[in-house]
Amino acid sequence: MQFLSLILAFQASIVQAQLDSYDVREATIEGVHNALYGGLTSCRGIVESFIARIEAYNPTLNAIIALKSNAPTIADEKDYALAAGNGTGALFCIPVLLKDNYDTKDMNTTGGCLDLAGSQPTADAPVVSAFENAGAIILGKTNLHELALEGLSVSSLGGQTVNPYDHTRTPGGSSGGTGAAIAASFAVFGTGTDTVNSLRSPASANSLFSVRPTRGLISRTGIIPISYTQDAVGPIARNVNDLAVALTVMAGVGYDPGDNVTALIPSSSVGQDYSAALLGGCLRGMRFGLIEGFFNRTASNETTPVNDVLGDMVNALTAAGATVVPITESTYNSSAISTAFDVQKLEYRQEMDTYLARPSLHGTHPSTLDQLYSSGKFLVIPSQYSFVNTSLVSSTNNVTYAPIKLGIQNLTTALENTFKTNSLDALIYPEQANLVVKIGSASQSGRNGILAALAGFPVVTVPAGFSPNSTDAPIGVPIGMEILGMPWTEGILLNIAKMVTEVKRVRKMPSSTEAAVEAQSLQGVPIILPDIADIPKAYPVGVL
Ligand SMILES: *[C@@H]1O[C@H](CO)[C@@H](O)[C@H](O)[C@H]1NC(C)=O
Ligand SMILES: *[C@@H]1O[C@H](CO)[C@@H](O)[C@H](O)[C@H]1NC(C)=O
Ligand SMILES: *[C@@H]1O[C@H](CO)[C@@H](O)[C@H](O)[C@H]1NC(C)=O
Ligand SMILES: *[C@@H]1O[C@H](CO)[C@@H](O)[C@H](O)[C@H]1NC(C)=O
Ligand SMILES: *[C@@H]1O[C@H](CO)[C@@H](O)[C@H](O)[C@H]1NC(C)=O
Ligand SMILES: *[C@@H]1O[C@H](CO)[C@@H](O)[C@H](O)[C@H]1NC(C)=O
Ligand SMILES: *[C@@H]1O[C@H](CO)[C@@H](O)[C@H](O)[C@H]1NC(C)=O
Ligand SMILES: *[C@@H]1O[C@H](CO)[C@@H](O)[C@H](O)[C@H]1NC(C)=O
Ligand SMILES: *[C@@H]1O[C@H](CO)[C@@H](O)[C@H](O)[C@H]1NC(C)=O
Ligand SMILES: *[C@@H]1O[C@H](CO)[C@@H](O)[C@H](O)[C@H]1NC(C)=O
């Protein structure tokens, strides 16, 4: 046995000696697989090349909370498997970054919160196991807006993540660490969660693609929760093909008794291969509803670029033969919908208490939301203060809960009627009516994620354009568009996204991270992360 492992180690060192660093900028799943299976590099080479980019650029972007120390060793195991003719799996040797609210048994799961720094899940979330079973290599965890409660991507544990396109702006959020990391090619793709906007805002702000799936499609077991009604999990990627593969793996978990909302999955969606839906084709004859109420028509440097970019997008869709129908109903007003029906604060305390009290959660951690809040090891920015404060005294037994849930049903019916009466394939609108905000802002205002979050309808977010460039934003600030469909139409939406990218190719890598980085062999070299104390924080740590 020992002899065999010596031989394997010897073979591996020969394989490695022949390696060159692999250029992973804008790397795709297909590209990595071609390089790997064509013998241009090894899995070890792929992993080292991504880690080299993290080491070069994370000190500026501050997107990573933790790296998995044995990722290079796991890559070696993949190389042995490949040499033995067993290099299979949809994500074989694909480096993935997880938002740090996904439970992992070998890395603490913190939500970016100092009070959860020692929180140790003893099992991987089912979606994390699904990635590993498909051959993926989890590279590490990304920063987020603390506990996913806002869109600024600042946390007491991880500090402020910086937008790679404009270092004076946030990367959106709450999945902003993943957004910045994937834009900078720190991994092939990453994951996020979305209670109101959080998979879509970072995609929009970093020129990326994301999918917020239909309510129930992907199990949320083992993800730090906020809301039973509104929470969703999904992938964030640099292109539609990778997004479809990642979605297929995540949705492949299927029915999960640990998250009963997955009982809603129709048999037609069970085991669906979303890559097979990317048939391309033609936008001619398709009908898109443009939600007028989701724009801010007050001219300013923050809003006019969004209005101009979406105007150009509508022109491109129309030129390609699609029909764009203006949707002007007053129902579609994000702040009004949010005020009336956002149900998070009635569900938050119960959900968090359940997550924190699980016997399978080891390490040092509070056992209730109240304990977490009163620990003081929690960054409460003004926009979150009343949310958490009210959550602590709210519950689903509150008299307001049932009427709000009825209101959500009404909204959902209104949305279905909008699709029917206008014969729509999808609704389109800017994720954010203004540019992603500057670091230090009190909130990520102007976002339109609430409609899909409440109705539970799927959305694919695509890059739509950039604002005019400036000294702070050398190639402009990214602007994203949401494509919202009827439930269980992820395949159709992904194919629309693919056709949209064909008529309007938008994504560009950030100029601040465009220089290539040569990978160093990590044999015996410890992975050293930048000291987060060096990263300027927009907010003081502690309870206000
Ligand atoms: C191939 O790899 C899979 C997954 O790692 C493993 O379960 C299986 O036993 C391997 N098969 C062979 C023939 O080594
Ligand atoms: C993870 O949690 C354990 C147990 O609470 C703690 O000892 C350890 O320092 C934590 N790891 C990190 C990297 O913070
Ligand atoms: C899930 O469980 C809750 C509480 O028991 C129940 O109200 C709800 O109807 C269930 N949902 C589904 C989709 O089964
Ligand atoms: C619309 O944009 C203007 C200019 O940026 C801003 O002052 C205003 O608050 C925005 N309105 C809304 C409803 O967000
Ligand atoms: C708006 O943009 C213009 C042109 O880039 C610039 O001159 C002006 O100072 C900006 N206004 C504000 C309020 O930032
Ligand atoms: C949207 O709703 C808000 C109240 O939440 C209201 O102040 C605003 O005027 C509405 N906007 C439009 C265009 O009706
Ligand atoms: C909520 O805020 C009020 C003051 O607005 C304060 O008295 C109360 O202690 C806060 N609740 C918690 C749990 O911190
Ligand atoms: C019901 O919820 C509201 C807002 O979430 C809160 O202000 C109120 O105190 C709650 N009432 C009870 C009886 O819990
Ligand atoms: C929902 O619709 C019903 C019937 O159309 C109506 O009576 C009720 O007031 C509506 N509720 C809300 C919260 O909009
Ligand atoms: C904007 O981009 C153009 C073309 O690359 C460049 O010539 C110009 O200097 C840039 N402007 C600023 C303010 O960076």
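Quantities reported herein were computed from a predicted structural model and do not represent experimental measurements. One-based numbering, in listed order, for ligands and for the atoms of each.
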Quiz item: Hey, does the Lys NZ or Arg CZ of K508 hover above the aromatic six-ring of F466, less than 6.0 Å from the centre and inside 45° of the axis?
Solution: yes
Exercise. Please verify whether a non-hydrogen atom of T303 lies at under 4.0 Å from ligand 4.
Key: yes
Self-check item: Member of D259, D103, D231, D194 meeting the salt bridge (Lys or Arg N to Asp or Glu O under 4.0 Å) criterion with R220
Solution: D259
Quiz prompt | Heavy-atom closest pair, residues P95 and L139 | solution = CB-CD2, 3.8 Å
Quiz prompt | Amino acids contacting ligand 2, non-hydrogen cut-off under 4.0 Å | solution = N108, A117, G118, Q120, G363, T364
Self-check item: Within 45° cone and under 6.0 Å: R169 NZ/CZ vs Y165 ring
Solution: no
Quiz item: Nearest 0.5 Å, what's the CD1-OG distance between I475 and S470?
Solution: 11.0 Å
Quiz item: For ligand 10, which atoms have a heavy atom of T471 less than 4.0 angstrom away?
Solution: 13 (C)
Quiz item: Say you draw a straight line from CZ of R297 to CD of E292; how long is it, rounded to the nearest 0.5 Å?
Solution: 5.0 Å
Practice problem: Find all atoms of ligand 4 within a distance of less than 4.0 Å from any non-hydrogen atom belonging to S300, and give their numbers and elements. | Solution: 4 (C), 5 (O)
Self-check item: N469 neighbourhood, listing ligand 10 atoms whose heavy-atom distance to it stays under 4.0 Å
Solution: 1 (C), 2 (O), 3 (C), 8 (C), 10 (C), 11 (N), 12 (C), 14 (O)
Practice problem: May I ask you to list the atoms of ligand 10 that are less than 4.0 angstrom from any heavy atom of S470? | Solution: 13 (C), 14 (O)
Self-check item: Selection residues 476-485 - residue pairs positive for side-chain hydrogen bond (donor to acceptor under 3.5 Å, both in side chains), sequence neighbours left out
Solution: R200-E482, Y429-E482
Quiz item: With distance as the sole criterion, is a donor-acceptor pair present between the side chains of K99 and T142 under 3.5 Å?
Solution: no
Quiz item: Looking at ligand 4, does any of its N/O atoms fall within less than 3.5 Å of an N/O of N296?
Solution: yes
Quiz item: Should we count NZ of K438 as having more than 12 external heavy atoms under 6.0 Å?
Solution: yes
